[in-house]
Amino acid sequence: MKRIGVFVCHCGINIAMTVDVKRVAEEAMNMPGVAYAQDYIYMCSEPGQALVREKIKEEELDAVIIAACSPNLHESTFRAAAEEAGLNPWQCEIANIREQCSWVHTNREKATSKAIRIVDTLVQKTILNESLEPIPVSITKKALVIGGGIAGIQAALDIADSGYKIILVEKESSIGGHMAQLSETFPTLDCSQCILTPKMVAAGKHPNIELMTYSEIEEVSGYVGNFNVKIKRKASFVDWSKCNGCGLCMEKCPAKVPSLFDRELATHGAIYVPFPQAVPNKPVIDKDNCIYFKSGKCRLCEKVCEIGAINFEQEDLIVEEEIGAIIVATGFETLPVPNLVEYGAGDVPDVIDGLAFERLLSASGPTVGEVRRPSDGMVPKEIVFVQCAGSRDPERYRPYCSKICCMYTTKHALLYKHRVHDGQPYIFYIDIRTGGKGYEEFYHNAELDEGIIYLRGKVAKIFRDGDKTVVWGTDTLTGRNIEIAADLVVLATAMIPKDSTAELVKKLRIQTGPNGFLSEAHPKLRPVESINSGFYIAGAAQGPKDIPETVAQASAAACKVISLFSRDHLEQDPAIAWVDEDLCGNCRICISVCPYDAREFDEEKGIVIVNEALCEGCGSCVAACACGATQQRNLSDSQIRSMVTASLGGE
Amino acid sequence: MSENMGLAPPKSPPIRLTREVVNSGFKQRVNELSGQHMDACYQCGNCSSGCPLAQEMDILPNGIIRLVQLGQRDEVINSETLWICASCFQCTVRCPKGIDIQAVMDALRQMALDEGVDHFGPDQIDPEQAALVPQPGLVGVYRKLST
Ligand SMILES: Cc1cc2nc3c(=O)[nH]c(=O)nc-3n(C[C@H](O)[C@H](O)[C@H](O)COP(=O)(O)OP(=O)(O)OC[C@H]3O[C@@H](n4cnc5c(N)ncnc54)[C@H](O)[C@@H]3O)c2cc1C
Ligand code: SF4
Ligand code: SF4
Ligand code: SF4
Ligand code: SF4
């Protein structure tokens, strides 16, 4: 028989107040195989671990049970201690007598006898535990970043600089994301494109980065270290290997298409690059708006393109890549103005959103940086900004704070004042939230120097009256309603996840929260990892955030990937399912129940096997297997039977 | 729009803000006379919560500052608050933004007096009480309380 040691932790008074720990240790001595038992105030402390190591040697123990907190917390601590003293780590078990006993009970007598049964249950299991070795899994040291905004660009650059290969997949024809649309950025007011384009160029030129723009993820299979990814490279109808970016085709194209990059404040041709500093600087033909594709006539671009880069026959292409880790950085979009019924539902002229205002402010925008309202090109003299447009409104729109709009609205009002000196900006707000380094100071100075009128209240209605856009709000500081006949209204619309994210996460099989933003594995301690191993998250796709936070998160995600790639191989927990080949009746029921796609039919053997790299040891197949062919290591049927008996009080 | 057609005047009429109202010169004049910056106030209310005479006022000190920010001259100049303020400096020492509210009150009283807003005449003082107050005290009081 094995010699088992039992160590009972007081956890200060966390356990000892409700459970008579001394009695648990005494009773443990009467359990089969238990050769040694002792209680101690803090088992996880260094002296506590030393005690375990010491007794393993002194008492010649073959296995140990630590009766303490949840195995989620300290299983790895004690398995490492056991290993140091010469035991196989799988000969160390944790009996949870805190979360599952002392914390949930008040009756000391009953809690103590329950703790004794919990220990007995683990003793029964331990008697039959096998020594196991971790399963080595190889890693493909090449990463995939989905989304080429500042988050994706930063993550790609960091990984590439550390020497690993990376593929950056971007849906649009150019990388850059929303940051490329911004004019100047808070709190320092540096020109957005001036600080972004060097990074875009660096990503475009880096020998370790392969850009796949105008591309989308088609399918992902495999597991951490060994993903197989199918990427759809959408037909651009321009042979990018030939195109030298001269732009003749774009000049001649007679079609007029509203520019999404310019928030429909300007148009471009059916063949276009979204903005002049695009990386790569290669045009695409918008098939839905191209005159040739619609009517069979035109092909002007083809005629003017001297090097013959236009190719109307081009088709979508699927490429397959082996990948070790995936960063999802698909960013955000903003709640469409038509969704906001009380703010005119998009039907009242001169009500625009923050991104459109960024384009009006931008030196490279449709008005070359002059603030002119869309309806008649007039320079607005009375301008109203409306914060929380769709944010912090759990009843009708989004429950959360979009976090960036307080800051960018103050920035907007300030930049407006810099351009229209005799204009008057008003800002309606519920709260001004300026958490961030230098942010409160930015707001303070704007308030002091720019004559911006801040009005504390939510705007109730916006309507047209002649050539004015009338805003009805309130100022809760005076307790009076406010009416402003404005020339232009700018809505700080809620930040929402990019619409295509919902479809993408289904392909990746990763989680999102109630508002559609990507979920992190732990909100505090694992903020850039998905709960599914091998997936990392960065930027506004995880939740509303500004550029500094996005960049920090992107570098953190890159760091996680680099740390993964720095290992020779991964280690998989061996306490997973296995199949007794002689017993498997090939009913394949296990294939249908496995939530991790870890069961597969083996043609050669004619039975269903377990893919060890994918199995998470959930036990679904073990329960489903009618022949008893599938068993779980260290949780065999006989172990479970004796554990159930012990937990019911023996006999 | 929201015209109050033929009814009794509303108790809380909406404030119609325009750049002319905001930049009428009223706020700028208060800044000038008081040496303070009205837009620095973020309406925390600390001045009002520490004011020993707040319960006697029709508009609290922070409310006065707010109305100045919005260019609401008439309401401010006709407020009782200006005359109830005891110039005790409680507000001034508390303001986290360093605004000398007492100086603002002084500036507003000055402006009210300049405009002849008659608030308190010497005839309103009970002669018996007047006899008890020393002369310099009376002079000081008149600067605050009289036309
Ligand atoms: C009006 C406004 C003003 C702002 N001003 C400032 C400011 O002054 N200072 C500041 O710090 N922050 C500011 N911000 C915030 C800033 O824009 C964001 O923090 C930043 O853009 C987030 O970067 P990102 O890479 O996470 O997302 P994004 O910029 O949205 O980039 C995501 C990228 O992923 C791509 N993508 C999406 N889905 C897929 C898919 N399925 N497959 C492939 N590619 C995909 C998108 O096309 C896009 O290129 C402002 C935001 C707004 C709305
Ligand atoms: S064929 Fe299409 S893309 Fe080319 S010029 Fe004509 S409309 Fe433009
Ligand atoms: S950041 Fe400011 S404007 Fe935006 S939702 Fe939050 S409180 Fe409202
Ligand atoms: S134990 Fe769970 S994860 Fe492993 S093969 Fe069985 S069902 Fe799949
Ligand atoms: S204490 Fe200062 S900042 Fe606060 S409300 Fe009064 S004047 Fe304004």
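This structure is a prediction, so every number in the text was calculated from the model and none was measured. Values below: every heavy atom of this structure, side chains too, minus hydrogens, waters and symmetry copies. Residue numbering restarts at 1 for every chain, and letters A, B, ... go by the order of the sequence lines.
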**Request:** Please work out whether the ring planes of A:F357 and A:F385 are parallel, tilted or perpendicular, with thresholds of 30° and 60°.
**Result:** perpendicular
**Prompt:** Can you check salt bridge (charged side-chain N to carboxylate O under 4.0 Å, His left out) on A:R359 and A:D262, steps first, answer last?
**Reply:** CA-CA 6 Å; A:R359 296 313 297 147; A:D262 278 331; 2.8 Å; yes
**Item:** Donor-acceptor under 3.5 Å (A:S402 side chain, A:I404 main chain)
**Value:** no
Identify which of [options] forms the greatest number of heavy-atom pairs closer than 4.5 Å to chain B.
options: A:K381, A:E450, A:R456, A:H444; value: A:K381
options: A:T478, A:I452, A:D422, A:L477; value: A:L477
options: A:D449, A:L455, A:N445; value: A:L455

**Request:** Check whether the ring centres of A:Y408 and A:F186 lie less than 6.0 Å apart, and answer yes or no.
**Result:** no
**Message:** Evaluate A:S391 against A:R398 for side-chain hydrogen bond (donor to acceptor under 3.5 Å, both in side chains), listing each step before the verdict.
**Reply:** CA-CA 5 Å; A:S391 300; A:R398 301 291 162 137; over 6 Å; no
**Prompt:** Which region of B:N62, side chain (C-beta onward) or backbone (N, CA, C, O), has a non-hydrogen atom less than 4.5 Å from a non-hydrogen atom of chain A, or is it both or neither?
**Reply:** neither
**Message:** With a 4.5 angstrom heavy-atom cut-off, is it the side chain or the backbone of A:Y454 that approaches chain B, or both, or neither?
**Reply:** backbone
**Request:** Can you tell which part of A:L448 gets under 4.5 Å to a heavy atom of chain B, answering side chain, backbone, both or neither?
**Result:** both
